[in-house]
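Please read the structure below before turning to the comments.
This one's a predicted model, so the numbers in the text were calculated from it and none came from an experiment. Remember, it's 1-based here, ligands and their atoms both numbered in the order they're listed.
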Amino acid sequence: MAFQLPELPYSYDALEPHIDARTMEIHHSKHHQGYTNNLNAALEKHPEFAERSIESLLQNLNAIPEDIRTAVRNNGGGFCNHQLFWKMMSPKGGGEPRQDLGNAIKTAFGSYEGFSDTFRKTAAGQFGSGWGWLVVTGDGRLDIVSTPNQDNPLSGGLAPILGVDVWEHAYYLKYQNRRADYLGEFMSLVNWDYVADLYSQARQ
Ligand code: MN3
């Protein structure tokens, strides 16, 4: 019934040298576990909401009782964002998106390079902790946004299809203050097959 920490779809060292094993282990087993535990603790006060999907909770934050709304926004966001993030990366990732998504990216951003530049700049420019996202808008267009803290684009009516964590815990051990370098390496890990699946789901 309670939300469960999902297993990683690869080992902690699988994303080396782009993301180091120690960062992955702490990020998954401490940070993501922490968001999961705190989300479950909040929902214990209103167990009827624990039956809902995480997407439904984040899409309807105003429906959540005020005494747990901030906790669900922060920790439910953290639970959901990281669950997506692990699957958005792969040791076999990188390259460029093909077919429908590849064409849509060219239409929206001119080229893959235009997309990659804007995505990395937007994520690099998020002040403090947060996320950079490629999203599908309500009318089916692609857009690039950033969110603070653990806010998920779902809460703003957008469907996230690619996200990158720019909290310092995601990169500090290996990259220290060099967020842009981490973002460059992240592009070599993007699991475009999974992103394309999310893109087609978002347009249904
Ligand atoms: Mn994180």
Side-chain angles (χ1 to χ4, degrees), residues 2-43 53-55 57-59 61 70-91 93-94 119-135 144-156 158-191 194-195 198:
F3 289 98
Q4 301 277 340
L5 180 70
E7 282 187 31
L8 285 187
Y10 37 71
S11 61
Y12 286 132
D13 64 359
L15 305 182
E16 295 259 13
H18 311 288
I19 301 181
D20 60 287
R22 183 81 178 126
T23 295
M24 288 298 295
E25 181 174 1
I26 297 170
H27 202 172
H28 177 258
S29 70
K30 306 293 185 200
H31 292 277
H32 198 183
Q33 182 73 67
Y35 297 123
T36 308
N37 294 346
N38 291 338
L39 171 63
N40 287 330
L43 291 171
S53 70
I54 191 63
E55 292 82 8
L57 291 172
L58 295 175
Q59 278 167 333
L61 283 174
T70 300
V72 171
R73 176 177 177 173
N74 290 338
N75 295 289
F79 173 78
C80 183
N81 294 349
H82 290 84
Q83 187 175 56
L84 290 167
F85 184 52
W86 311 136
K87 292 190 280 191
M88 288 164 170
M89 298 186 287
S90 163
F119 181 79
R120 284 179 287 120
K121 272 185 195 141
T122 302
Q126 169 60 43
F127 183 76
S129 299
W131 291 73
W133 302 97
L134 174 64
V135 298
I144 291 170
V145 299
S146 64
T147 57
N149 306 313
Q150 294 293 352
D151 286 358
N152 185 289
L154 286 170
S155 303
L158 302 167
I161 64 170
L162 177 63
V164 62
D165 189 343
V166 294
W167 284 57
E168 286 185 341
H169 68 225
Y171 62 86
Y172 204 84
L173 288 181
K174 185 174 171 85
Y175 296 98
Q176 294 83 47
N177 61 319
R178 302 188 309 278
R179 186 188 279 188
D181 291 355
Y182 155 73
L183 289 166
E185 295 295 316
F186 170 80
M187 301 312 292
S188 305
L189 296 171
V190 175
N191 181 353
Y194 181 62
V195 177
L198 294 177

Stepwise ring-ring contact (aromatic ring centres under 6.0 Å, His included) check, H27 with W86: CA-CA 10 Å; H27 202 172; W86 311 136; 5.0 Å; yes

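- R179 is linked by a side chain to side chain contact (heavy atoms under 4.5 Å, CB included) to Q126, V166, Y171, L183, counting only residues two or more places apart in sequence or in another chain.
- Atom CZ of R178 sits in a crowded spot, with more than 12 heavy atoms from other residues, nucleotides or ligands closer than 6.0 Å.
- A donor-acceptor distance shorter than 3.5 angstrom exists from the side chain of E16 to the backbone of A21, with no hydrogens or angles considered.
- Protein N/O/S atoms closer to the Mn ion (ligand 1) than 2.8 Å number 4 in this structure.
- Annotation: salt bridge (charged side-chain N to carboxylate O under 4.0 Å, His left out) contacts of D13 (sequence neighbours excluded): none.
- Under the side chain to side chain contact (heavy atoms under 4.5 Å, CB included) criterion, A14 pairs with Y10, S11, P91, sequence neighbours left out.
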